[in-house]
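Sequential numbering from 1 along the given sequence is applied to the chain's residues. Just so it is clear, the model here is predicted, and its values are computed rather than measured.
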Amino acid sequence: MTKSYLQDISNKKKKLTMLTKQLFSLFLSSVVSFSLIGQSKADKLYDNLSYAQAAPIYKIAYGSDSSNHHALRRLASCYFHMNMPDKAEGYYAKVANLGDASAEEIYNYTWALKSNQKYDDANTWMKKFYEKSSDDSRAIQHITKKKTFDQIKQNDGRFTVEKVGINTMKADFSPSYFPKEDKIAFVSARGKVKAISRRHSWNHSPYFNIYEATVDASGSLSNVNELHSSANKKFHEGPLTFTPDGKRVFFTRNNMVGNDRGTDGEGVTHLKIYSCEISEDGSWMNEKEFPFNSNEYSVGHPTLSADGLTMYFASDKPGGIGKTDIYKTSLSGGSWTNPENLGDKVNTEGDEMFPFISKEDVLLFASNGRLGLGGLDIFVASKAGSGFAEAKNLGGSINTSRDDFGLIVSSSGNEGYFSSNRADGSGDDDIYRFTGSIIKPVYVTGVVTDQKTNELLTSSVVKLLDKDGNVLDEQTVGDDAVYNFGVSAGESYSITATKPEYEELSEAIDINKEAEGEIKKDISLGIPGVKLLGKVIEKDAQTPIENAKVDVVDNGSGKIIYQFNTKSDGTFQDNLEARKGDKLNYYISVSAPGYLTKSGLLSKTIGDEKIIDVTKELDIALNKIDVGADIGKIININPIYFDVNKSDIRPDAAFELDKIVRVLKDNPNMVIELGSHTDCRGSAKYNRNLSDKRAKSSAQYVKSKIDDPTRIYGKGYGESQLVNDCACEGAKKSKCSDDEHQLNRRTEFKIVKM
């Protein structure tokens with residue numbers, strides 16, 4: 001009941017106050033007789049947020065005329081704003097079935113159903129809300145995360161929750177630790193109503209003041225006293241937060257001008273944040289307004305980081321994501337920076353409020369816009385870079401179908417307090433104590449170094465991105481070249497690192513659901529090397545060869561250092577790890593099925609060039625081959641000469657035969673017949689014997705240089721396979737020239753097996 005006014009504020013035309021769990025505005029204070037006013041008077045009361053006074057009038061109007069849909073809608077809305085789901089449900093059911101219910105009325109109906117634990121009915125009407133507002137994140141979450149909702153409902157036993165002994169039948173809520181954590185401050189309506197009525201017209205509750213209670217060693221609360229009289233003024237005060245040294249307090253209060261309430265142009269009093277110095281006797285002095293206060297909208301619910309330099313607060317200021325959003329501002333040079341909206345990882349189209357930032361920068365807050373059990377649920381968001389990861393519901397061991405909000409965590413991280421109006425309370429909102437770890441922070445950290453020299457790369461820029469590629473944080477590393485990002489367990493991220501003259505690095509990081517503490521991830525950047533590229537084509541047709549295999553081997557170690565398969569256009573490329581001045585000594589082999597493998601030595605010192613084109617350095621065009629083809633013709637082996645009547649291998653012949661050695665080494669499955677032929681001059685027997693000796697001698701030379709000598713054999717054919725009509729055996733006389741006879745004196749290297 002005491003925070004629902006915030007849930008309605010930004011969808012009201014007047015953008016009413018939000019931030020404390022009850023209306024922190026002074027509205028009509030006079031009590032009028034229902035019998036003397038009609039529906040028009042009820043409308044005026046409603047417009048001034050006097051729901052407690054307007055509801056009985058609308059009830060009479062609707063009771064006397066069931067076709068008065070205006071009164072019906074307003075009556076349902078009154079109970080919604082007074083946070084009375086038991087009564088709101090029945091009236092919203094009638095509104096929802098009129099056929100022209102607005103999207104927000106349907107959403108409010110689901111709120112009432114969920115608050116009354118009618119989850120199946122709530123899901124049915126949430127689908128209708130989705131039909132009207134399919135781009136609303138509240139609808140999307142409820143429709144797409146059914147499994148998550150089932151998990152939220154379960155009490156996983158993570159937390160133990162117990163009542164504290166200081167609650168009353170009136171509202172007690174929004175605890176805050178004193179700096180030493182030996183006391184808490186909290187907001188309460190327990191004060192007596194004074195002669196001049198200070199009850200606001202929202203629900204007839206007294207205005208709120210701030211109280212304190214002692215925290216003993218077991219976490220129990222006692223010794224409740226109203227905070228110093230200088231803290232509590234004429235209207236609402238609280239919630240609040242103390243600076244780490246306890247010398248200053250920031251708190252929420254109605255907009256006040258002197259001793260009177262301040263209003264906007266339509267007479268509505270909004271909330272503001274104020275600060276005071278705290279004297280040794282506890283008095284609040286030198287009151288100042290927060291620089292981002294406004295008469296036109298509310299700001300409140302401040303909470304300070306452990307160092308006191310960052311404040312988080314809630315506001316319904318224009319330009320937000322939803323009705324009320326959470327913002328942050330930092331203290332820099334004695335001034336607060338412009339507020340920054342925490343974005344859609346935290347805020348929704350609904351209400352986000354009651355933020356608390358833990359010592360470890362874990363954000364706790366209440367929301368009715370995220371997937372929850374009903375009313376306000378408490379959510380947690382861990383640090384992710386300079387922002388926060390997607391908020392998560394604390395689940396059924398903390399949250400209920402009613403309002404749960406205002407959770408604070410001790411410096412130990414294992415206990416704290418929160419507020420709830422759950423069924424087992426003392427009558428209204430109550431304070432509860434919990435034990436159990438909320439969340440452990442997770443950090444990804446590492447050092448940025450040179451990939452080759454291990455030198456620290458100072459001034460490198462490192463970015464943390466979420467799974468959708470959005471930049472969450474960016475850091476420029478210092479002299480130690482260390483980066484450090486806060487992340488969330490169970491989430492996926494990527495990290496990019498850049499530095500001038502170095503190649504950008506991007507790596508995906510999946511954080512285990514059980515992760516906590518520091519995760520080490522060092523980064524090594526390399527200077528972009530010279531690009532090695534080439535194109536493999538068929539030599540005769542000049543067409544590209546796809547999926548040709550290109551091996552780049554270090555000629556010293558024999559290790560393959562790069563390996564490619566050519567693309568459809570025959571190309572391959574990659575960045576070498578070598579830099580300017582480095583010596584390249586690569587053996588490059590290119591092969592493809594049905595083609596003769598080519599290889600060659602690439603040896604050079606890298607200069608200023610950025611590209612090394614293997615196609616220009618080596619002949620890597622492949623020849624198409626098949627069994628029966630003459631390798632000698634394909635690779636252009638020159639004639640192999642022998643001395644007259646001899647079969648010894650001359651140096652010039654050895655040079656040509658070495659080409660066959662290379663072919664056999666490049667093509668390990670190939671078998672070659674080395675055939676030696678003569679012209680017709682001399683006897684056939686002589687020619688056959690001489691050619692056979694030469695063939696075997698040549699083959700033996702090749703055998704001696706390969707691992708498997710059976711892959712080549714020599715055979716002499718003499719003059720039996722002349723390639724022209726230059727026969728001269730027996731009585732036949734040849735008229736051929738020496739050049740024509742030379743064509744028959746040949747060595748052939750025929751492929752007999754591939």
Side-chain angles (χ1 to χ4, degrees), residues 1-63 68 70-88 91-92 95 104-105 108 112 170-171 189 191 193-208 234-236 253-256 260-271 295-298 300 316 323-324 351 428-429:
M1 175 167 67
T2 51
K3 58 264 139 216
S4 60
Y5 79 96
L6 289 178
Q7 300 160 14
D8 181 65
I9 282 192
S10 43
N11 73 339
K12 294 325 256 169
K13 181 178 178 181
K14 301 179 174 69
K15 298 173 70 178
L16 304 170
T17 173
M18 45 123 216
L19 305 168
T20 129
K21 49 187 291 292
Q22 271 207 355
L23 177 65
F24 278 16
S25 305
L26 180 62
F27 305 114
L28 297 179
S29 58
S30 61
V31 179
V32 294
S33 171
F34 293 153
S35 61
L36 299 179
I37 60 175
Q39 183 168 298
S40 61
K41 184 62 177 177
D43 287 342
K44 291 180 181 179
L45 291 167
Y46 182 93
D47 291 341
N48 283 288
L49 308 186
S50 300
Y51 301 120
Q53 294 181 23
I57 304 173
Y58 285 130
K59 187 173 182 180
I60 293 172
Y62 179 66
N68 188 343
H70 173 77
L72 171 64
R73 284 184 156 95
R74 286 294 179 88
L75 182 57
S77 182
C78 283
Y79 288 128
F80 171 78
H81 293 304
M82 289 190 290
N83 199 21
M84 300 173 71
D86 293 337
K87 292 186 177 181
Y91 292 109
Y92 269 125
V95 172
E104 202 62 24
E105 285 173 328
N108 291 348
K170 295 188 176 144
V193 182
K194 298 183 180 179
I196 298 176
S197 175
R198 291 172 52 205
R199 291 172 179 263
H200 62 68
S201 53
W202 187 273
N203 60 6
H204 288 316
S205 293
Y207 283 92
F208 301 122
K234 189 175 181 181
F235 303 119
H236 286 303
R253 176 185 285 162
N254 288 127
N255 179 12
M256 291 187 64
D260 297 320
R261 65 187 179 97
T263 63
D264 63 13
E266 297 183 359
V268 175
T269 298
H270 294 283
L271 300 179
N295 291 330
E296 303 303 316
Y297 54 82
S298 292
D316 63 347
K323 296 177 181 178
T324 63
D351 296 293
D428 201 318
D429 296 314

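- A distance-only check finds no donor-acceptor pair linking the side chain of Tyr91 to the backbone of Leu72 [under 3.5 Å].
- Between Ala42 and Ile57, the closest heavy-atom pair is CB-CG2, 3.6 Å.
- Between the NE2 atom of His270 and the CD atom of Glu296 there is a distance of 6.0 Å, given to the nearest 0.5 Å.
- Side chains of Gln39 and Ile60 form no contact here, defined as non-hydrogen atoms less than 4.5 Å apart.
- Residues Tyr58 and Asp43 meet the side-chain proximity criterion, which asks for heavy atoms closer than 4.5 Å.
- In this structure the side chain of Lys59 reaches within 4.5 angstrom of the side chain of Tyr79, judged on heavy atoms.
- A pairwise comparison of heavy atoms in Lys170 and Asp428 identifies C-CB, 3.7 Å as the closest pair.
- Summarising the geometry of Leu271 relative to Ser298, their closest heavy-atom pair is N-OG, 2.9 Å, with the distance given to 0.1 Å.
- Looking at Asn108 and Tyr92, their side chains do bring a donor and an acceptor atom within 3.5 Å of each other.
- Going from atom NZ of Lys41 over to atom OG of Ser50 covers 9.0 Å, rounded to the nearest 0.5 Å.
- Side-chain atoms of Tyr51 and Ser77 form no donor-acceptor pair, as typed in the model, at a separation below 3.5 Å.
- Under the 3.5 Å distance criterion, with hydrogens and angles disregarded, no donor-acceptor pair is assigned to the side chains of Thr324 and Asp316.
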